[in-house]
Chemist: 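Encoded as structure tokens, here's the structure I'll be asking about.
Heads up: numbering here begins at 1 and tracks the sequence.
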Amino acid sequence: MIELLSEPIRRYIRDKGWESLRSIQKHAIRHIMESEKNIILSSRTASGKTEAAFLPMLSKIDFHLQGVKILYISPLIALINDQFNRVEELCEYLDLPVTKWHGEAMRSAKKKLLMNPEGVVLITPESIEAMLVNAPQNAAKLFINLQFLVIDEIHSFIGTDRGMQLASLISRLSQLNKGTFRVIGLSATIGAILEAKKLTGNADGTTLIRDKSPKEMEVSFRYYKMEGVDLPINLMKNLYLEVKDSKVLIFPNSRGRAEEVAVKLKKISNRVKGHSYYFSHHSSIDRELREYIEHFAKNNKRYPFTISCTSTLELGIDIGSVEKVVQIDAAHSISSLIQRVGRSGRRDEEKSSLVFYATDRWNLAQSLACLLLFREEFIEPVLSSEKPYDILLHQILSIIKQFNGRTFSQLSDHIRINFAFNHITENEIEEIVSELIQREQLELIGGQLIIGIEGERTVNTKDFYSVFKSDPSFKIIHHDKTVGELPLISTLQPDENILLAARIWKIVEIDYKAKKMFVIPAKDGKRPIFFGTGGEVHHRIREKMLEIISGTLVFEELNEEATEALRLLRLDFKCYQVQNISIQRPLMAKHAETIFYSFHGTLVNRSIQFWLSLAGVESEYNEHESSFIFKASPAEVKTILKNLSASKDQIDLALENLLVSNPATINFSKWGSLLPRRHQLIILKMKYYDFDQANFFLRECLFVEAEINDL
């Protein structure tokens, strides 16, 4: 396949000393060079996907056309900074400039690009949005002859508000382009193949190239029961022995837990005179410190290190060779687990090493379920919304700002040709526009829609360019140096301790107006406040948990304590003969209570709980165990659940009352609060609940009660 590439690119390969191309690279070269289709490249982490895309793209671009040739879109600024040198080195062989364009990039580099539009631009969706809104003339100048658009980590956009925004931005960029550009998607994990193809704007004209070559993996499970709110000391001691001589990434499930792990490992290491290279890494830590940690991990060849992190290191930022990955309690998705496992054993000859630590029996079962589904090559399917009203609202404001006003007919034309909103009707657009006028976000003058008084406040802030919601955050300051940022938790007060950047800090002062917290190192031993949350669980994970609990399969990866924990969990359900995990569910009588274990996904569980509340049925919902506790007999619970349903009108009325009494209900959607009430209800039912699936589940469900054998 090398012969298909241009001579400068072949010279790059020779200079690199590559003896051969990798499988994904060979297939990508052939498809990109010999067809005009969009391509999605899916292969494991560190398999050479970036080169697989850029080698043929750079060989095929037309240098005679003025303007940016390749636009590389990344979900993270850190990933752009990481990829920059790699892409720049390759482009030097073609004398092609590479420019970073994001909020932290140098203005001089941007100015130089605008004076001579050329080469490759690395950018985030939010920076594209900002350019279209504030300097549409620059976007038209730069992207008039765009030939390739690359979406890195495409899986992170699928089925999300940000992905819907990106789809709209791709469509808007295509309207600025004289010709057409091809879309190349890159990912280590693709579950929703059709949705990934839709993100290119032409699903039928998109080819998926997937390299499924297996990577050998060593897996082990440890179990340490957590009695309080802190991780057990024995777990921390064992974890220290596991990581002290290796290069390790640890993934707890929240920023607070990541900080706890980093702080406690560092304390143990100090006590036994071990190394000091224990770090925490997440979005609340100051950017300079995060970049230092990434640079140290990538360039340090001599010392072992441990980074306790969240999803910030789940994506493809190059931090060099990692020998082990540790997962503390269950990952919330198979996709996350695949990304995390892929961070270790990056070289072809190395094995991936994964160590699970579970702190309760349910986390152990969920971790096992995720591992089994991972081995079965299952990845959660993602269904993108056909009616993304909240993103449409945001894009309406953006388009009006971009063109400094539009008639309704012109605005409708923009939306009609935007593939992100194929299923939105003109009547729905009109309803949303009317609501925006009523809220003074828009104003109608002489037939022209312009940004209104309230709209000026909305669109003229940096926060406008993003569609994901971020909590108000406070800068954490020590000796005039920023340590990081934290969301303002209402319980935080001066004299409280917090965990941040692998240290414990005492809050000295909170300046609410300046949004700053001033801290000093804490030395009083007072327990710090935790922060951070988890995610939603797919129903296949819960079904697999039921299969594990109901079965007798022996897992050699479990240590003695984990084996015993699983045995005890199975013992609790031993009398419940579940034969069909799709429809049978345990109904457990316990004293004066009955526990219904739904073993279903988060959205269905929320829907069931909503219906129970609507029906006035007293129950206790435990998402962690996927259970509902009733103060009623099994027979009564059966009747309640089988009759548990509500008409569309009843649901809408109840949700509307909920939105009136608690407007913050819609706050999971950044732009949802500006929608008409009818559209808010649809967003709620679409993104937060799944009433249709809940209704089907309860209708088909067969309750399994304990079988007691008389001796």
Chemist: Is there a donor-acceptor contact under 3.5 Å linking the side chains of Q584 and Q579?
Modeler: no

Chemist: Does NZ or CZ of R585 fall inside the cone over F599's six-membered ring, less than 6.0 Å from its centre and within 45° of the axis?
Modeler: no

Chemist: Strictly by modelled atom types, are S352 and E218 linked by a side-chain donor-acceptor pair under 3.5 Å?
Modeler: no

Chemist: Quick test of your reading of the model: are E242 and R222 salt-bridged, counting only N-O distances below 4.0 Å?
Modeler: yes

Chemist: Between S598 and N605, does the side-chain contact (heavy atoms from CB on, under 4.5 Å) criterion hold? Intermediate values first, please.
Modeler: CA-CA 8 Å; S598 72; N605 284 344; 2.6 Å; yes

Chemist: Output yes when a side-chain donor or acceptor of S308 lies under 3.5 Å from a complementary backbone atom of A258, and no otherwise.
Modeler: yes

Chemist: Can you confirm if the aromatic rings of H281 and F251 lie within a centre distance of less than 6.0 Å?
Modeler: no

Chemist: Should the heavy atoms of other residues, nucleotides or ligands under 6.0 Å from CD of E700 be counted, would the total exceed 12?
Modeler: yes

Chemist: State, to 0.1 Å, how close I73 and T124 come at their nearest heavy-atom pair, and which atoms those are.
Modeler: CG2-C, 4.5 Å

Chemist: Per the side-chain contact (heavy atoms from CB on, under 4.5 Å) rule, which among I39, N38, I184, L41 passes with H31?
Modeler: I39

Chemist: Answer yes when D652 and K685 have at least one side-chain N-carboxylate O distance shorter than 4.0 Å, and no when they do not.
Modeler: yes

Chemist: Is the closest side-chain donor-acceptor distance between R255 and T310 under 3.5 Å?
Modeler: no

Chemist: Report yes or no: does S127 contribute a side-chain atom to a donor-acceptor pair with the main-chain N or O of I123 at less than 3.5 Å?
Modeler: no

Chemist: Tell me if the centroids of the rings in Y357 and Y223 come within less than 6.0 Å of each other.
Modeler: no

Chemist: side-chain contact (heavy atoms from CB on, under 4.5 Å) with F691: which of L603, I651, V604?
Modeler: I651

Chemist: Just how far is it from atom CD of E294 to atom SG of C309, taken to the nearest 0.5 Å?
Modeler: 10.5 Å

Chemist: Would S607 and D690 count as having a side-chain donor-acceptor pair, cut-off 3.5 Å?
Modeler: no

Chemist: What class does the angle between the rings of F573 and W362 fall in, given that below 30° is parallel, 30 to 60° is tilted and above 60° is perpendicular?
Modeler: perpendicular

Chemist: If we check side-chain contact (heavy atoms from CB on, under 4.5 Å) with F148, which of these qualifies: L71, V183, I32?
Modeler: I32

Chemist: Quick one: do N253 and Q327 satisfy side chain to side chain donor-acceptor pair (under 3.5 Å)? Show the steps, please.
Modeler: CA-CA 8 Å; N253 287 326; Q327 174 68 46; 3.3 Å; yes

Chemist: What I want to find out is whether D204 reaches K197 closely enough, with some N-O distance under 4.0 Å, to be called a salt bridge.
Modeler: no

Chemist: Is a donor from one side chain sitting under 3.5 angstrom from an acceptor on the other, for S74 and D152?
Modeler: no

Chemist: Is the closest side-chain donor-acceptor distance between N559 and S220 under 3.5 Å?
Modeler: no

Chemist: Does K642 NZ have over 12 foreign heavy atoms under 6.0 Å away?
Modeler: yes

Chemist: I'd like to check R257 versus L231 (side-chain heavy atoms, cut-off strictly below 4.5 Å). Are they in contact?
Modeler: yes

Chemist: Could you go step by step and tell me if Y689 and F610 meet the ring pair (Phe, Tyr, Trp, His ring centres under 6.0 Å) rule?
Modeler: CA-CA 9 Å; Y689 299 102; F610 180 85; 5.3 Å; yes

Chemist: Do you see a donor-acceptor pair shorter than 3.5 Å between the side chains of H155 and S187?
Modeler: yes

Chemist: Look only at the side chain of E259 and the backbone of V261, and say whether a donor-acceptor pair between them is shorter than 3.5 Å.
Modeler: no

Chemist: Would the number of heavy atoms belonging to other residues, nucleotides or ligands and lying under 6.0 Å from CD of E623 be above 12?
Modeler: yes

Chemist: Looking only at side chains, do D360 and N363 share a donor and an acceptor under 3.5 Å apart?
Modeler: yes

Chemist: Please lay out, stage by stage, how I666 and I683 fare under the test side-chain contact (heavy atoms from CB on, under 4.5 Å).
Modeler: CA-CA 8 Å; I666 196 69; I683 291 286; 4.1 Å; yes

Chemist: Can you tell me if R570 uses its side chain to pair, donor with acceptor, with the backbone of I548 under 3.5 Å?
Modeler: yes

Chemist: Classify the ring geometry between Y688 and F668 as parallel (under 30°), tilted (30 to 60°) or perpendicular (over 60°).
Modeler: parallel

Chemist: Is Q25 reaching over with its side chain to a backbone N or O of K49, donor-acceptor style, under 3.5 angstrom?
Modeler: no

Chemist: Return yes if some donor-acceptor pair links the side-chain N/O of K387 with the main-chain N/O of H423 below 3.5 Å, else return no.
Modeler: yes

Chemist: So if I apply the side-chain contact (heavy atoms from CB on, under 4.5 Å) rule between I151 and each of L186, L166, T200, which one comes out positive?
Modeler: L166

Chemist: Evaluate whether atom NE2 of H679 has more than 12 neighbouring non-hydrogen atoms of other residues, nucleotides or ligands under 6.0 angstrom away.
Modeler: yes

Chemist: Charged N to carboxylate O below 4.0 Å: is that the case for R375 and E557?
Modeler: yes

Chemist: Got a donor-acceptor contact below 3.5 angstrom from the S171 side chain to the S168 backbone?
Modeler: no

Chemist: Counting distance only, does the side-chain N/O of N622 pair as donor-acceptor with the main-chain N or O of F628 below 3.5 Å?
Modeler: no

Chemist: Can you confirm whether the side chains of D161 and H394 place a donor and an acceptor under 3.5 Å from each other?
Modeler: no

Chemist: So, E386 and N422: side-chain donor and acceptor under 3.5 Å apart, yes or no?
Modeler: no

Chemist: Determine, step by step, whether H102 and N81 satisfy the side-chain contact (heavy atoms from CB on, under 4.5 Å) criterion, reporting the C-alpha distance in whole Å, the side-chain angles of both residues, the deciding distance to 0.1 Å, and the verdict.
Modeler: CA-CA 10 Å; H102 53 66; N81 296 338; 3.1 Å; yes

Chemist: Charged N to carboxylate O below 4.0 Å: is that the case for E51 and R22?
Modeler: no

Chemist: Check whether more than 12 heavy atoms from other residues, nucleotides or ligands sit under 6.0 Å from atom CG of N662, and answer yes or no.
Modeler: yes

Chemist: Please lay out, stage by stage, how W671 and Y389 fare under the test ring pair (Phe, Tyr, Trp, His ring centres under 6.0 Å).
Modeler: CA-CA 9 Å; W671 302 101; Y389 297 124; over 10 Å; no

Chemist: So does L373 get a backbone contact from the side chain of R540, meaning a donor-acceptor N/O pair under 3.5 Å?
Modeler: no

Chemist: List the steps, then state whether side-chain contact (heavy atoms from CB on, under 4.5 Å) holds for V355 with F221.
Modeler: CA-CA 6 Å; V355 183; F221 284 79; over 6 Å; no

Chemist: So which atom in E380 and which in S333 form the shortest heavy-atom distance, rounded to 0.1 Å?
Modeler: OE2-CA, 3.0 Å

Chemist: Please check if any side-chain donor atom of R172 sits under 3.5 Å from a side-chain acceptor atom of Q395, or the reverse.
Modeler: yes

Chemist: Of the non-hydrogen atoms in C370 and A331, which two are nearest, and what is the gap between them?
Modeler: SG-O, 3.6 Å

Chemist: Examine distances only and state if a side-chain atom of S156 and a backbone atom of E153 form a donor-acceptor pair shorter than 3.5 Å.
Modeler: yes

Chemist: Pick out which of K687, Q680, K670 makes a side-chain hydrogen bond (donor to acceptor under 3.5 Å, both in side chains) with D390.
Modeler: K687

